[in-house]
Amino acid sequence: MNKRSFMHALVCSTLALAGSAALAQDNVFKIGLILPMTGQQASTGRQVEAAARLYMAQNGDTVAGKKIQLIVKDDTTVPDMTKRLAQELIVNDKVNVLAGFGITPSALATASLATQSKTPAVVMAAATSSITEASPYFVRTSFTLPQASVSLADWAPKNGIKKVVTLVSDYGPGIDAERFFKDRLLFNGGQVLESLRVPLRNPDFAPFLQKVRDLKPDALFVFVPSGAGAAVMKQFLERGMDKAGIKLIGTGDVTDDDQLNDMGDGALGVVTSHHYSAAHPSALNKKFVEAFRKANKGMRPNFMAVGGYDGMRVIYEALRATKGVGGGDALLAAMKGQIFESPRGPIFIDAQTRDIVQNIYLRKVVKQDGQLYNVEFDVIKDVKDPGKSH
Ligand code: PHB
């Protein structure tokens with residue numbers, strides 16, 4: 001072969017390779033999963049990624065003739081980074097779907113990109129009510145803080161808790177929790193003595209807890225994001241708040257299954273309301289928890305994991321329903337209205353709001369087989385996000 005025909009052969013084979021790569025590309029369905037794998041919310045990233053991978057391991061990586069490719073990106077819990085990564089995933093990787101979003105500001109930072117590119121974006125973790133209104137391409141499989149908070153405000157006054165101080169992280173989900181808990185408690189004849197807000201970044205709870213002690217409420221209602229609950233619990237106990245007769249209540253973010261077992265017996269008896277407990281007594285959940293543990297060195301799934309697992313189901317079923325040939329709008333349409341049994345119980349993606357409708361459970365921290373769990377003792381069925389009833 002002379003040099004010229006060698007070059008010719010090389011060019012031809014490179015083009016052929018590119019051609020077959022393009023063909024392979026056609027048969028690939030890409031999910032851009034943006035998560036906080038490092039930084040303050042790293043536990044959320046760890047849980048959601050593990051759940052997404054478990055879903056794929058259990059359900060295969062080929063749907064409607066397409067090979068599913070999961071592209072995981074770490075936004076380091078920085079919303080500007082989420083936005084940059086989303087842009088790269090849309091423009092360079094040409095992802096079919098975006099997913100993840102560990103915190104509200106990360107989801108909101110991506111809203112306009114999802115809208116402009118008509119890319120469905122499955123919110124698996126963030127939980128401020130308004131997120132789904134920020135883009136018509138958002139679909140949520142996590143929960144909303146109003147959804148979780150109102151049921152606790154119904155429970156509290158019936159159980160001797162009339163005077164409450166609220167303590168929340170000072171951003172979207174905290175403000176939702178504070179507002180919806182307070183409004184419902186007042187409606188039920190209770191009282192909020194004071195509403196305290198702590199910074200999201202590196203909060204020091206001590207001065208706030210001192211204030212709560214002085215106010216002597218029946219209970220302290222807390223929302224902090226997943227991963228921050230153990231610090232609240234530790235300082236609550238160290239300051240002897242429980243001994244001073246103040247109960248700790250909150251959304252289930254505080255007694256997060258990712259941390260609960262390490263919180264110690266001081267957490268026993270804490271009542272929270274939420275959509276998921278690793279102790280949810282269904283056959284499906286038992287299988288889920290066992291498989292998750294097995295695949296992740298004994299790690300217990302938390303509510304973030306279930307948001308990721310169900311988010312993958314929503315994506316898989318949308319791809320199946322559109323027979324692998326649908327664009328963003330067709331996929332979005334196929335995500336709306338999905339109804340199925342999740343490890344948390346029955347769930348439904350409301351076609352109007354693209355938000356999740358689900359059971360909210362009242363739970364109490366109990367020791368079972370030497371381990372701390374949120375054990376469900378009551379259920380409010382099919383709760384829509386109260387943030388959208390206006
Ligand atoms: C949020 O930023 O929306 C968020 C994060 C963690 C939670 C709940 C909500 O546990």
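Counting starts at 1 for both ligands and their atoms, following the listed order.
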Applying the side-chain contact (heavy atoms from CB on, under 4.5 Å) test to Val375, which of His280, Gln368, Lys367, Arg363 qualifies?
Gln368
Residue Met304 vicinity, atoms of ligand 1 by number, heavy atom under 4.0 Å:
6 (C), 7 (C), 10 (O)
Quick one: does Val222's side chain get under 4.5 Å of Val168's, heavy atoms only?
no
Hey, is Asp350 close enough to Lys336 for a salt bridge, meaning N to O under 4.0 Å?
no
Verify salt bridge (Lys or Arg N to Asp or Glu O under 4.0 Å) between Asp258 and Arg300, making sure each step is shown before the conclusion.
CA-CA 6 Å; Asp258 192 70; Arg300 186 195 289 188; over 6 Å; no
What I want to know is whether Ala127 and ligand 1 share at least one N or O pair that is separated by under 3.5 angstrom.
yes
Show which atoms of ligand 1 fall inside a sub-4.0 Å distance from at least one heavy-atom site of Tyr171.
1 (C), 2 (O), 4 (C), 5 (C)
What's the verdict on salt bridge (Lys or Arg N to Asp or Glu O under 4.0 Å) for Arg344 and Asp310, showing C-alpha distance, side-chain angles and the deciding distance?
CA-CA 10 Å; Arg344 69 186 103 178; Asp310 293 338; 2.7 Å; yes
Here the atoms of ligand 1 under 4.0 Å from any heavy atom belonging to Phe303 are 10 (O)
Within 4.0 Å of some non-hydrogen atom of Ser226, the atoms of ligand 1 are 6 (C), 7 (C), 10 (O)
Can you tell whether the side chains of Lys287 and Glu290 come within less than 4.0 Å, N to carboxylate O?
no
Just heavy atoms, cut-off under 4.0 Å: does Pro173 contact ligand 1 by side chain, backbone, both, or neither?
side chain
For atom 3 (O) of ligand 1, which candidate among Thr77, Leu200, Thr44, Thr104 holds the nearest heavy atom?
Thr104
Centroid-centroid under 6.0 Å between Tyr361 and Tyr276 rings
no
With a 4.0 Å heavy-atom cut-off (strictly under), which part of Phe101 contacts ligand 1: side chain, backbone, both or neither?
neither
Test Lys67 against every option in Thr62, Asn27, Asp61 by the side chain to side chain donor-acceptor pair (under 3.5 Å) rule and name the one that passes.
Asp61
With a cutoff of 4.0 Å, is Gly102 in contact with ligand 1, counting heavy atoms of the residue only?
yes
A student checking ligand 1 against Ile103 at a 4.0 Å heavy-atom cut-off should list atoms 1 (C), 2 (O)
Can you tell me which portion of Asp253 lies within the under-4.0 Å heavy-atom range of ligand 1? Options are side chain, backbone, both, or neither.
side chain
